[in-house]
Structure formats: structure tokens, C-alpha cells
Amino acid sequence: MTDQTSDLPGGEPDPVDPDITKALSGLPDGFGDFARIFQDEIRPALQAREGDRLAAIAKAREARHVGGGIGIVGVLIGLFVAKLPILAIVAAMVGFGYAWWGARDVTKLGKEAKTLLVAPIARQFELSFNEAPGQVASIYRHHDVGIVPDWDRDSYEDLITGTRKGVDFELFEAHLEERRHSIDSKGRTQTRWVTVFRGQCLRFAFHKSFHGRTLVTRDAGFFNRFGGGKGMQRAMLEDPEFERIFEVYTTDQVESRYLLTPDLMQNLVDMEKTFHGGKLKCCFDDGELLITLQGSDLFEPGSMFKRLDDPERVRELLSDFAAVFNIIDAVMANRRAQDPGRDA
């Protein structure tokens, strides 16, 4: 944790800015120190880059205006003066390219700001953060249990690994693509890449095996009739509201009832909202809980058009971590209820 010793007489730490305290209020237990951490560690690093942000934004705005002007004037001249459509196309491309060039500094700063925000938070929880991890081996476990489809090309980013209460876990973003072929009107084969999954993948290792396999998916309507796989039967949930939005299949009806309590199901719903994702799927299998959500990127710093040291940036990241921790806590509590004598 941060050294809170102040240079003031008596060695008392400087008071936390009330705006920071307000912005970070209401977080779960265990997150109470982050107002201080943000003020003493994270905010100074962000403030040091505020000048770069302003310069990048000014450059991007100027390039957008100039590029837009080039594109509009060029298209008008090409279509109505020179009567050359190709000139209009070239002008539009030049204008777009100039605007893209002007925005590069904003994109670059956004990536650097992500590291300035995520890395200190990960350190406080004794987690590891890797923006570009290469292939993550556990994606094959997600595939084995049927919560991601087949793919031919893959990429990964933002791998978080660590341990909470003895449970090893990892969270990463995956983009999976499938190669598809088609034949055009002249008999030529064309190849295209189609995204089959883009979103977050999570793996929790509880070290002691589950008795069976339990699969949870969002209600798929007509496609529910295809079931959850060989040897699995549909399971009922305790809460009718969750029964309406989720489909559950299991090889162990008793265990599924202990695992899928209303608290855990609510945590899964909350995770979807926090991660801004959808189409949640999860599977309890062989001591692991595997989860996928399709949706937007996590751990992004937010808009570069507001101050870098806005504490709301940190609050959103902390909410992401809290959603992960809540899943671990709920599963461990449910396993203890199933077998009071065992360690989850």
C-alpha cells in the first residue's frame, strides 16, 4: 500500500480530496483504500500526461476539420466541376486519411492511460496484467465445455491473472474468427474471415472437482431444444426470474441446486451489466468455473475528451474487478453450504 506519511508536522497524511471520496464511494468492502491510492499514486501520473492529452485532442480536432474540408471540397469538384468520379474518390480518401493521421496521438495516449490506470490497481490486489499476452491456453478449456465455438484465427489482449481467497483465476479478452469460403458468379473461390466470438473469458480454478458438469446459458428460445450436451439434463432454478432468462443443463441435479443460488445468478447478471456484455455462458466442470461474455472491451480508460485524472475512470475499473471477486465469493459460499467440511 501507499506510504501515507505527510511532510506536514506530526506526519499525518494529506486529507483525501472530497471529490475523489465521493466519486469512489459505495464500492464493496476491501476497496476502501482506493481513494487514497488514487490521490497519492494514480492521479499524479495521470496529471503528468494531461498536457499531452490536450495537445493530442487539439491535433485531432484540427485534422478532423482539415480532413473533412479536403474531402467535401474534393468530392464537389470531382463530381460537379471536373466530372471525374475518380477524383472525388481520391479526395475522400485523402481527407479521411488526414483525419485518421491526426487522431493517432489520441489512440496512442489512450493505450498508455490504460496502463497507468490498470497496472497500479492490479498491483494492489497482487494480480498480474499483460496487455498483449499472445495465445491464452485456457481458451481450449472454454472450447472443450462448449462455451466458445470452433475458430481458425485468434487474438488476445488484457490478461489478468491472480489469486483470491485461494482461488486462481484469469480474465482475458479474445477475438475468434472462422475462415469461410464462397464461390462468386465466375466460379472463383473467395475467402473471408467471420468473427464467431469477441468478448471476455474467465477461468476460476477451485482446486477440488465438482461432482458433475453444469452449463448455464442465456435463454435461447427455440434453440433450447438442443440441450446442453451428452448426458446433461435440464435443471430448474430456485428463482422464477432467473428461470425465465437462463437455461441450465447438468449431470448432477443436486449439485446444480447448491451451486446456482439466487445470489450467484444475480452476480452473473450483474457481471453482464458491469462488463457491458451479453450472451453470458458459464460451465462448472472438473473444479473449474469457466465464463464467457460477448461484448465490448474491458479495462479501457474511457474518453480522451475529458481530464485524465477524472476518478470515474478508476471507479469503472474497480467495478470490473469487484464483479469478478463477487463470483468467486459466491461460489465458495455455495460449496461450503453443500459440504460444510470441505475447503472450496
Side-chain angles (χ1 to χ4, degrees), residues 136-149 160-172 174 197 199-220 224 226-239 241-272 274-275 277-294 323-344:
V136 181
S138 64
I139 190 66
Y140 292 101
R141 283 288 292 137
H142 292 80
H143 178 266
D144 290 345
V145 300
I147 59 176
V148 296
I160 297 280
T161 58
T163 301
R164 176 175 173 81
K165 297 183 178 179
V167 177
D168 297 331
F169 73 91
E170 60 185 22
L171 162 64
F172 58 92
F197 176 84
Q200 290 77 46
C201 300
L202 301 95
R203 183 184 71 90
F204 304 92
F206 292 92
H207 303 298
K208 291 190 177 182
S209 295
F210 298 104
H211 299 305
R213 173 181 288 187
T214 297
L215 174 68
V216 180
T217 68
R218 278 288 189 169
D219 192 306
N224 290 338
F226 295 107
K230 184 177 179 181
M232 303 186 80
Q233 298 179 335
R234 187 171 177 178
M236 297 294 109
L237 294 173
E238 293 181 30
D239 191 302
E241 177 63 20
F242 297 127
E243 179 73 27
R244 183 180 64 81
I245 61 178
F246 286 106
E247 288 294 316
V248 180
Y249 300 92
T250 186
T251 61
D252 190 318
Q253 295 282 344
V254 174
E255 182 176 59
S256 70
R257 285 193 290 273
Y258 275 103
L259 292 173
L260 302 177
T261 61
D263 285 346
L264 176 60
M265 301 308 293
Q266 185 61 57
N267 285 331
L268 292 173
V269 172
D270 292 344
M271 175 179 281
E272 268 193 336
T274 301
F275 284 14
K279 298 183 179 180
L280 180 144
K281 297 180 180 180
C282 70
C283 186
F284 298 85
D285 181 65
D286 195 26
E288 294 182 329
L289 169 59
L290 301 132
I291 302 176
T292 60
L293 299 100
Q294 297 191 43
V324 175
F325 294 165
N326 287 342
I327 296 293
I328 296 174
D329 295 346
V331 173
M332 292 183 68
N334 295 345
R335 299 196 82 181
R336 283 193 293 267
Q338 179 185 10
D339 185 354
R342 78 184 293 176
D343 182 5

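Throughout, residue positions are numbered sequentially from 1 according to the sequence presented. All heavy atoms count here, side chains included; hydrogens, waters and symmetry mates do not.
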Between Glu272 and the options Lys279, Lys281, Arg218, the salt bridge (Lys or Arg N to Asp or Glu O under 4.0 Å) test singles out Arg218
Side-chain heavy-atom pair Met271, Asn326 within 4.5 angstrom cut-off: no
Tell me if a side-chain donor or acceptor on Gln294 pairs with a main-chain N or O of Gln200 at a distance below 3.5 Å. no
In Å, rounded to the nearest 0.5 Å, how long is the span from SG of Cys282 to CG of Leu264? 7.0 Å
Taking every non-hydrogen atom, the tightest pair across Gly212 and Thr251: CA-OG1, 3.3 Å
Distance-minimising heavy-atom pair for Val148 and Ile139: CG2-O, 4.1 Å
Taking ring-ring contact (aromatic ring centres under 6.0 Å, His included) as the definition, give me every residue that meets it alongside Phe325, ordered by chain and number, with sequence neighbours left out. Phe125
Rounded to the nearest 0.5 angstrom, the SG-CD1 distance for Cys201 and Ile147 is 7.0 Å
Output the distance between atom CG (Asp285) and atom CG (Asp144), rounded to the nearest 0.5 Å. 9.0 Å
Taking all non-hydrogen atoms of both residues into account, name the closest pair between Pro149 and His143 and its distance. O-CD2, 3.6 Å
Rounded to the nearest 0.5 Å, what's the gap from CZ on Phe204 to CD1 on Ile328? Could you check? 5.0 Å
Under 3.5 Å, side chain of Thr250 to main-chain N/O of Ser256, donor-acceptor pair present? no
Taking every heavy atom of Phe206 against every heavy atom of Val331, the minimum-distance pair comes out as CZ-CG1, 3.4 Å
Check: Asp252 and Thr214 side chains under 4.5 Å, non-hydrogen atoms: no
Could you tell me whether a side-chain N or O of His142 sits under 3.5 Å from a main-chain N or O of Leu202, the two making a donor and an acceptor? yes
Classify the ring geometry between Phe246 and Phe242 as parallel (under 30°), tilted (30 to 60°) or perpendicular (over 60°). tilted
Is Arg203 paired with Asp168 through a side-chain N to carboxylate O contact shorter than 4.0 Å? no
Heavy-atom pair with the smallest gap, counting every atom of Leu215 and Val145: CD1-O, 4.4 Å
dist Arg141:CZ -> Asp286:CG (nearest 0.5 Å) comes out at 6.0 Å
Kindly compute the distance separating CD (Glu288) from CZ (Arg213), expressed to the nearest 0.5 Å. 10.5 Å
Should Leu289 and Phe169 count as side-chain neighbours, where that means a heavy-atom distance under 4.5 Å? no
Where do Leu268 and Leu280 come nearest, in terms of heavy atoms and distance? O-CD1, 3.6 Å
